[in-house]
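Written below as structure tokens is the structure these notes are about.
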2 protein chains.
Amino acid sequence: MTNLQERPNATTLEQARQQHIGRLLHRAARAYNVLALEKLHAQGHTSLSLAHTNLLPHLDTEGTRIVTLAERAGMTKQAAGQLVAELETHGYVERQPDPADGRATRVQFTAAGWQYLLDAQETKRAIEDEYQAELGHPLWEQLNEALHRLLGDAPSSR
Amino acid sequence: MTNLQERPNATTLEQARQQHIGRLLHRAARAYNVLALEKLHAQGHTSLSLAHTNLLPHLDTEGTRIVTLAERAGMTKQAAGQLVAELETHGYVERQPDPADGRATRVQFTAAGWQYLLDAQETKRAIEDEYQAELGHPLWEQLNEALHRLLGDAPSSR
DNA sequence: CTAAATAGACAGGCTGCTTTACTATGGCGT
DNA sequence: ACGCCATAGTAAAGCAGCCTGTCTATTTAG
């Protein structure tokens, strides 16, 4: 597959051009997502995509309206509505008319949705444990602090 | 826009559920990309999208074949071919038949392409300087080391 | 009671890929 | 020299995950 005479010293050269923090962050984020999705699929949540797992954490326990969901996830309500519809057909959430507002629908977890929450929580912890083991505690803390500082939010009351 | 009675204590609760390393990495990567693309647009490279800036660094100085490009960027050759076509119409690269292989075409930078390379290099350095100023030197180094370790590659002979 | 705002759905479009063909050229074995 | 398969690239269609623009139903404010 690899064409050898194509790159004399090119590979190392190009790698140097690639080594910037943006790509590192991107690759790290991808790696995390791949890992997490793998674990979730292994736990039986095979119909979930990244888009779904990005949306679900914004759904809170009392149920959430679609606009609110969209706002939190940083997308349009149309996009949120579509993802909710998909999650509904897969049985993770259900839509119920909001008793307080006839225009609104509340999106709520089903039993399967709750199970997902538990599994997702465990997956997250498992990965963070792996990462911590890989890096050692101080470096792990430093990674977290650096990211929080770059994003300009509080280092998460820890 | 914000519906206040919608979230009593929900926001903080949900934020806690969101605080995992995957989301941090994702947000950080996004922030970098947005910044970089902004700077490049400001420098006149207004027709470039992320897909293009992801592909261009894989093009090396002697010219590169499309398959090689695809391989390096981790996409199909069709996708690479399409992006190259777009880059060609915007004047960043040009296609030339490979003298050594009648099936192949070499994709090469044009003058505008070289200019882009310089601008991109500067952009990258500018952002990394900003980040370093934000974090301080030791934390910056630690961030880099942590990411390299997580990705399992050498911490870049530095 | 009317006017403006809001919740959501529906339709269509866009980007950045993918899969599934297909053509053209190259290199190998016999 | 011939046939055969591998390889470089193109073409067409599809799909995910969004977007904008528009519409209806309902609520709220004056």
Side-chain angles (χ1 to χ4, degrees), chain A residues 1-7 26 29-30 33-34 37 46-56 58-59 63-90 93-108, chain B residues 1-7 26 29-30 33-34 37 46-56 58-59 63-90 93-108:
Chain A
M1 188 56 108
T2 317
N3 191 341
L4 284 179
Q5 83 251 36
E6 174 73 74
R7 12 178 167 155
H26 190 249
R30 254 192 81 85
N33 283 335
V34 167
L37 222 50
T46 50
S47 56
L48 289 176
S49 77
L50 261 178
H52 301 127
T53 65
N54 277 340
L55 188 66
L56 278 174
H58 296 288
L59 219 178
T64 308
R65 329 236 282 227
I66 287 194
V67 252
T68 313
L69 228 40
E71 204 175 292
R72 291 185 191 166
M75 49 172 74
T76 60
K77 51 187 179 171
Q78 292 88 333
Q82 186 180 315
L83 288 174
V84 164
E86 289 164 15
L87 285 170
E88 194 174 26
T89 72
H90 291 311
V93 302
E94 59 191 357
R95 253 182 263 236
Q96 278 176 353
D98 189 322
D101 188 336
R103 300 164 299 179
T105 47
R106 301 195 79 79
V107 182
Q108 282 181 317
Chain B
M1 186 56 106
T2 316
N3 191 342
L4 284 178
Q5 83 252 33
E6 174 74 72
R7 11 176 168 156
H26 190 248
R30 252 192 83 86
N33 282 336
V34 167
L37 219 51
T46 49
S47 55
L48 289 176
S49 78
L50 261 179
H52 301 127
T53 64
N54 278 339
L55 188 66
L56 278 174
H58 295 289
L59 219 179
T64 308
R65 327 236 285 223
I66 288 195
V67 252
T68 312
L69 229 39
E71 202 177 294
R72 291 186 191 164
M75 48 172 72
T76 60
K77 51 187 180 171
Q78 292 87 333
Q82 187 179 314
L83 288 174
V84 164
E86 288 164 19
L87 285 170
E88 193 174 25
T89 72
H90 292 310
V93 301
E94 59 191 357
R95 254 183 261 235
Q96 278 176 355
D98 189 322
D101 187 337
R103 301 164 298 178
T105 47
R106 301 195 78 80
V107 182
Q108 281 180 316

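Keep in mind it's a predicted model, so treat the numbers as computed, not measured. A, B, ... follow the sequence lines: proteins, then strands. Residue 1 opens every chain.
- Considering every non-hydrogen atom in both Val67(A) and Lys77(A), the closest pair reads CG1-CD, 4.0 Å.
- If you measure from atom CD of Glu71(B) to atom C1' of dC17(C), you get 18 Å, rounded to the nearest angstrom.
- Among residues two or more places apart in sequence or in another chain, the side chain to side chain donor-acceptor pair (under 3.5 Å) test is passed with Glu88(B) by Arg95(B).
- Mapped onto DNA chain D by nearest heavy atom, Pro99(A) and Ala79(A) fall at different nucleotides, with Ala79(A) at the one closer to the 5' end.
- Whole-Å rounding puts the Leu48(A) CG to dG17(D) P distance at 11 Å.
- Dashed line: the shortest gap from a side-chain N or O of Arg65(A) to OP1 or OP2 of dT26(D) is not under 4.0 Å.
- Applying side chain to side chain contact (heavy atoms under 4.5 Å, CB included) to Leu59(B) and the options Thr64(B), Thr68(B), Val84(B) leaves one that passes, Thr64(B).
- Spacing between atom CG of Asp98(A) and atom P of dA25(D) amounts to 19 Å, rounded to whole angstrom units.
- For His52(B), the side-chain contact (heavy atoms from CB on, under 4.5 Å) criterion is met by Leu48(B), Ser49(B), Leu83(B), Glu86(B), Leu87(B), not counting sequence neighbours.
- Shown here are the side chain to side chain donor-acceptor pair (under 3.5 Å) partners of Arg30(B), two or more places apart in sequence or in another chain: there are none.
- DNA chain C is contacted by no residue of residues 80-90 of chain A, taking any non-hydrogen atom closer than 4.0 Å.
- In this structure, Ala51(A) reaches the sugar-phosphate backbone alone: every heavy-atom distance under 4.0 Å involves primed, P, OP1 or OP2 atoms, never a base.
- The CG atom of Asp98(B) sits 9.5 Å away from atom CZ of Arg103(B), with the distance rounded to the nearest 0.5 Å.
- Expressed to the nearest 0.5 Å, how far CZ of Arg106(B) lies from CD1 of Ile66(B) amounts to 11.5 Å.
- Here Leu55(B) contributes atom CG and Met75(B) contributes atom CE; the two are 5.5 Å apart, rounded to the nearest 0.5 Å.
- Where Ile66(A) and Met75(B) meet DNA chain C, the nucleotide closest to each residue was compared, and Ile66(A) sits on the side nearer the 5' end.
- Using a 4.5 Å heavy-atom threshold, the side chains of Val93(A) and Leu56(A) count as touching.
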For this session: Represent DNA chain C in dot-bracket notation, 5' to 3'. Only Watson-Crick or G-U wobble pairs with both distances under 3.5 Å count; pseudoknot-style crossings use [ ] and interstrand partners use |.
Result: ||||||||||||||||||||||||||||||
Problem set entry | Per-nucleotide protein contact string for nucleotides 19-29 of chain C, where B marks a base within reach and S marks sugar-phosphate only (heavy atoms under 4.0 Å, - for neither) | BBB---BS---
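- Looking at every heavy atom in both residues, Thr53(A) comes nearest to Leu50(A) through OG1-O, 3.0 Å.
- Residues satisfying the side-chain contact (heavy atoms from CB on, under 4.5 Å) test with Gln78(A), not counting sequence neighbours, are Thr76(A).
- For the OP1/OP2 pair of dG16(C) and a distance below 4.0 Å, the side-chain nitrogens and oxygens of Ser49(B) include at least one atom meeting the criterion.
- Note: CZ (Arg106(A)) to P (dA7(C)) measures 12 Å, nearest angstrom.
- For the pair Leu69(B) CG and dT10(D) P, the interatomic distance rounds to 12 Å; values are reported in whole Å.
- Arg65(A) places no side-chain N or O within 3.5 Å of a backbone atom of Ala104(A) that could act as its donor or acceptor partner.
- The NE2-P distance, from His26(B) to dG17(D), rounds to 12 Å in whole Å.
- In this model, the phosphate group of dT10(D) is approached by a side-chain N or O of Arg95(B) to a distance below 4.0 Å at OP1 or OP2.
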